[in-house]
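Since this is a predicted model, take the numbers as computed values, not measurements. Every number for a ligand or one of its atoms is a count from 1 in the order of the listing.
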Amino acid sequence: MTSNTKIMTLTDKEAGTEVELPVLSGSVGPDVIDIRKLYGQTGMFTYDPGYGATGSCESGLTYIDGEKGILLHRGYPIEQLADQADFLEVAYLLLNGELPNQDEKAEFDDAITHHTMVHEQLSNFYRGFRRDAHPMAILCGVTGALSAFYHDSTDISDPAQRQIASRRLIAKMPTLAAMAFKYSMGQPFNYPRNNLNYAENFLQMCFAVPAEDYVVDPVLAKAMDKILILHADHEQNASTSTVRLAGSSGANPFACIAAGIASLWGPAHGGANEAVLNMLNEIGDKSRLAEYVERARSKDDPFRLFGFGHRVYKNFDPRAKVMRETCHEVLNKLGINDPLLELAMELEELALRDPYFVDKKLYPNVDFYSGIILKALGFPTSMFTVLFAVARTVGWISQWNEMIEDPTQRIGRPRQLYTGPAARDFKTMSNR
Ligand code: CMC
């Protein structure tokens with residue numbers, strides 16, 4: 001961050017006073033007004049529910065230009081990463097700031113591979129859940145429970161412990177997710193296999209059964225890897241901000257990631273991929289598309305087109321474009337002619353021509369096509385957000401590390417515009 005020569009002046013016309021606020025510049029993107037001294041100088045807070053105009057931290061991980069539809073991780077465009085890197089390379093990049101060289105990559109891949117097993121006692125947690133529990137409920141619970149198993153990596157002031165906790169989380173999340181999936185199906189858990197890469201191993205843990213050999217299809221493993229890359233990080237979204245806020249109090253990383261999973265679950269965020277597929281199933285037929293677009297437009301109907309719109313993107317979500325291509329690749333490879341894909345493409349076309357969606361700059365987001373691919377890979381809808389969580393763990397833990405290492409970091413503590421009653425005397429029961 002550099003301090004700009006620019007100063008913003010805030011004038012209180014009534015009081016006849018002026019306050020000068022410094023303007024700070026990043027490397028790219030809009031400048032920010034530094035309001036840290038505002039309360040001290042004016043006795044006033046800023047008011048920004050939903051944080052539409054608030055930069056909550058300084059970060060060097062991810063940059064989004066929502067107007068142009070650009071997404072960069074450490075400067076590298078998402079399209080290039082999805083096309084040329086593998087997921088663990090992107091994980092290394094997000095964690096460390098640079099792409100790994102050959103030795104660094106070998107060391108990182110090896111470390112992640114050798115941390116994929118979870119403590120055997122953890123499987124007892126799964127057995128405590130009902131078989132029909134939502135896998136996000138299970139994932140949230142068991143991730144928080146990791147804090148109780150890995151005491152040697154919860155001292156956040158020790159960089160070595162932070163590193164091992166980060167690697168454990170990235171390594172173990174697919175194992176925990178696959179166990180949640182297996183549990184819901186009543187099938188035995190599969191242990192990780194160290195001869196497989198990250199995406200292959202995840203597919204193996206989800207789909208292999210002891211009764212027969214399982215061979216991972218390289219096209220499907222590549223698609224899985226791409227899906228993970230596309231979800232790896234996304235700046236200060238709701239779940240990432242949740243992880244940062246939880247971590248700002250000094251909570252251990254396993255607890256913070258569990259908080260992130262809880263935030264991701266909602267349909268306005270990571271739960272949208274599940275909601276898209278449910279919506280497409282509900283629409284069912286092309287003849288009903290116009291009716292649903294009309295419902296989404298209507299002020300009197302709370303219905304929204306899931307997979308459309310984004311707080312930051314006012315253009316195509318670049319991840320959605322890659323996801324659309326991957327969707328076609330997977331369906332072609334599997335020889336699947338999914339009517340839901342056709343329905344989705346027609347819905348996209350219809351919405352993109354509709355003045356309501358055009359005026360509000362509502363474009364398909366990453367969740368619009370991901371559900372169709374995940375369904376083709378064999379995942380039930382309830383697992384879609386779990387897969388998002390597996391991938392986003394990399395972003396969450398990288399952002400958490402960045403925050404802990406930031407010398408200006410202190411506990412996150414927003415203020416409020418209080419509109420409740422002013423001080424009043426307690427009323428005894430007989431006077432209420
Ligand atoms: N369908 C219909 N109208 C919409 C939609 C939609 N999908 N999204 C936004 N709008 C309208 C909204 O009604 C509002 O209209 P008005 O100005 O007349 O009140 C306007 O567009 C702006 O919407 P907003 O809710 O103020 O925007 P936001 O930035 O607070 O919300 C969002 C962003 C992603 C929550 C929202 O677009 C949405 O609910 N989309 C559907 C859910 C979804 O696909 N979420 C996944 C987001 S991408 C992946 C992720 O982050 O996890």
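For E329 and K222, the salt-bridge test fails: no basic side-chain N is under 4.0 Å from an acidic carboxylate O. Contact check on K286 versus E349 returns no salt bridge, with no Lys/Arg side-chain nitrogen under 4.0 Å from an Asp/Glu carboxylate oxygen. Salt bridge absent: R288 and E282 never bring a charged side-chain N and a carboxylate O closer than 4.0 Å.
The 4.0 Å heavy-atom shell around ligand 1 contains residues P267, A268, H269, G270, A272, A296, K299, R304, L305, F306, G307, F308, G309, H310, R311, Y356, K360, L362, N365, V366, D367, F388, ordered by chain and number.
Distance check: T393 OG1 to D233 CG gives 11.0 Å after rounding to the nearest 0.5 Å.
The number of heavy-atom neighbours closer than 6.0 Å to CZ of F45, taken from other residues, nucleotides and ligands shown, is above 12.
Evaluation of the side chain to side chain contact (heavy atoms under 4.5 Å, CB included) rule for T154 yields N252, F254 as partners, not counting sequence neighbours.
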